[in-house]
Amino acid sequence: MKPILGTCYYPEHWPQSQWQDDAKRMRELGLKVVRVGEFAWSRFEPKPETFDWAWMDQAVDVLAAEGLQVVMGTPTATPPRWMLERYPDMLAVDANGHPRKFGSRRHYCFSHRAYRDESARIAGIMAERYANNKHIVAWQIDNEYSCHDTVISYSDAARLGFQQWLENKYKTIAALNAAWGNVFWSMEYDSFVQVDLPNLTVTEPNPSHCLDFRRYSSDQVVDYNRAQVDAIRAHTSVPLIHNYMGRIVDFDHYKVGEDLEIASWDSYPLGFLVDRSGADDDWKRRFERQGDPDFQAFHHDLYRAVGKGRWWVMEQQPGPVNWAPNNPAPLPGMVRLWTMEAIAHEAEAVCYFRWRQAPFAQEQMHAGLLRPDSEPSAVYPEVESTAQEIEELGEVRTQQAKVGLIFDYESCWAWEVQPQGEDFDNFALALEFYRGLRRLGLTVDILPPTVSDLSGYQLLLAPGLMSWPEGLLDQLENFSGVALVGPRTGSKTTNFAIPPSMPPGIPSLDCRVNYVETFPFGSERALENGGAVRTWLETVETSENVVEKTSDGTPVLIAKDKLYYLAGWPDADALVRILEALSSNAGLSTTRLPEGVRKRTTASHEFVFNHNAFEVEFEGEVLEAASAHWKRLII
Ligand code: GAL
């Protein structure tokens, strides 16, 4: 597929007289696709059941006249004020029991059935109106589920919905009591209506209760999204998209993705480095104006999996943003690098957020491609030349990677519910394994826990999986490549209890986790072969081959043939060393890349990126600061 560039445009923010010129400049810049509409409900339906579509009809016409394709957004992330008059109880409620008010966005509770119906209603009306408009090439449903912490809600609607969900799942209250172990602390219930939401308890609530509430909350997002899918699908079959976010794990993206044709995500590398990469201060300083070298790539690969191969960057940071604690400008070259990197990970489109900086309201300090006065912003020439370069790049052909990394949302919830050590975070664990693979120059596929076909993979990593996904153990027994599982994989039943056979529960591996230690004060246990284990160390009993141990003899890496169990969380050095050895066993060739340099190979191209703010020598070539390099492997 030949990648394209685009932007996010809000015609309702600008006088109609400006639209024509905007569209012309977009085309001249080399953009092909424009997303509109996703926050405009108060202009589509200013009063209940009173609609005004004329302005959007006109905006789509103006864009189309310049040959631009349109992605139409449903405006359901911004219910208008009148909606609250209709449904004063539609607001999400925080863990302290306070409703989250009107005055920004995403002020709705996913469990509120009437709001779900209102969302399906507006989506259906829009789809009907624009179904035959051939310029609308895709629909975006809602905007960034979970942004601003909006999936978990402790509302009455959520409580009632949860009780029903539990009854559907367990059928009898006795079954729920047994599954959750409610005999502990006399937590037994007599009926489902007694089960409250797990907030405001005196001390920690039952982890099984919390995990089921997380599953319920995730299911509400899936159902909410599906209501709009069904409403739109009644009128059109163009692809449906959602724009996911960085490091959001509150709902199962794979399940939402099953109902959509394309996944997309919103990539803000500098904001993410500061507020969600988890990096230490030295790393943050080093990549302050470039972003973490692996964080974006991880999400590219994750959302490629969520989109079953099809994915976009729906919003790409083009300059300083407004929402991180501090907001530096990208180094010259980084917007090109981010764009090319997304394409290297097989993105079909990269859209810059936003076309013109808004001079009003919350995001007035957020850069766009144009300044508020319509002059080009600093990044404009870089986008212009990137658009030309993409023409030269041609079609980027996709291929399955040789390395797979399983990433599971349910395990994220499980380890948030019961981390055991405050630093144990499933996303961070997956990102570190991913980073280790990338430091070795490997190209990686992220896989859902439901992966049904491992053929073609030579190395498979499954860190941190709470319980064994159905069928995965059988697949591992027959896997011809090298597999690394753990730490913590298989350590709970699906009800959140320790399995009777003790973790990790791999029938062919004689290995049992006896107990677990987590380390305070950032302390660590040195490994005999170099590096150390941090955060998490299991004490295992095993008769298998011990490949790595701590300097006081505790087994850390256990192997039987090509199956490895990792009983701790290695630091970066140890992880790279271990992954290098496993890759070599798997017949994969690796190169230790200079720090900040990353590679990706597709069926048609090889890409190399220097994320550093200084030049680096690599394979006989000088890579300038903040630069992207590519070569065609086939013409
Ligand atoms: C995204 C959001 C956009 C805009 C942007 C600012 O999270 O989808 O609407 O707010 O952030 O960086």
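Each ligand, and each atom within it, is numbered from 1 in the order the structure gives.
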Holding to ring pair (Phe, Tyr, Trp, His ring centres under 6.0 Å), I want the full list of residues that pass it with Y154, two or more places apart in sequence or in another chain. F213
Can the ring centroids of Y244 and H242 be said to lie less than 6.0 angstrom from one another? yes
Within the 3.5 Å criterion, strictly below it, is a donor on W415 or D425 matched to an acceptor on the partner's side chain? no
Applying salt bridge (charged side-chain N to carboxylate O under 4.0 Å, His left out), can you list everything that pairs with E12, at least two apart in sequence or on another chain? none
Neighbouring residues of ligand 1, heavy-atom cut-off under 4.0 Å: F39, R105, N143, E144, D266, Y268, E315, W323, F353, E363, H366
Taking only residues two or more places apart in sequence, or in another chain, which ones meet E346 in a salt bridge (charged side-chain N to carboxylate O under 4.0 Å, His left out)? R304, R600
Could you label the plane-to-plane angle of the Y268 and H366 rings as parallel, tilted or perpendicular, counting under 30° as parallel and over 60° as perpendicular? perpendicular
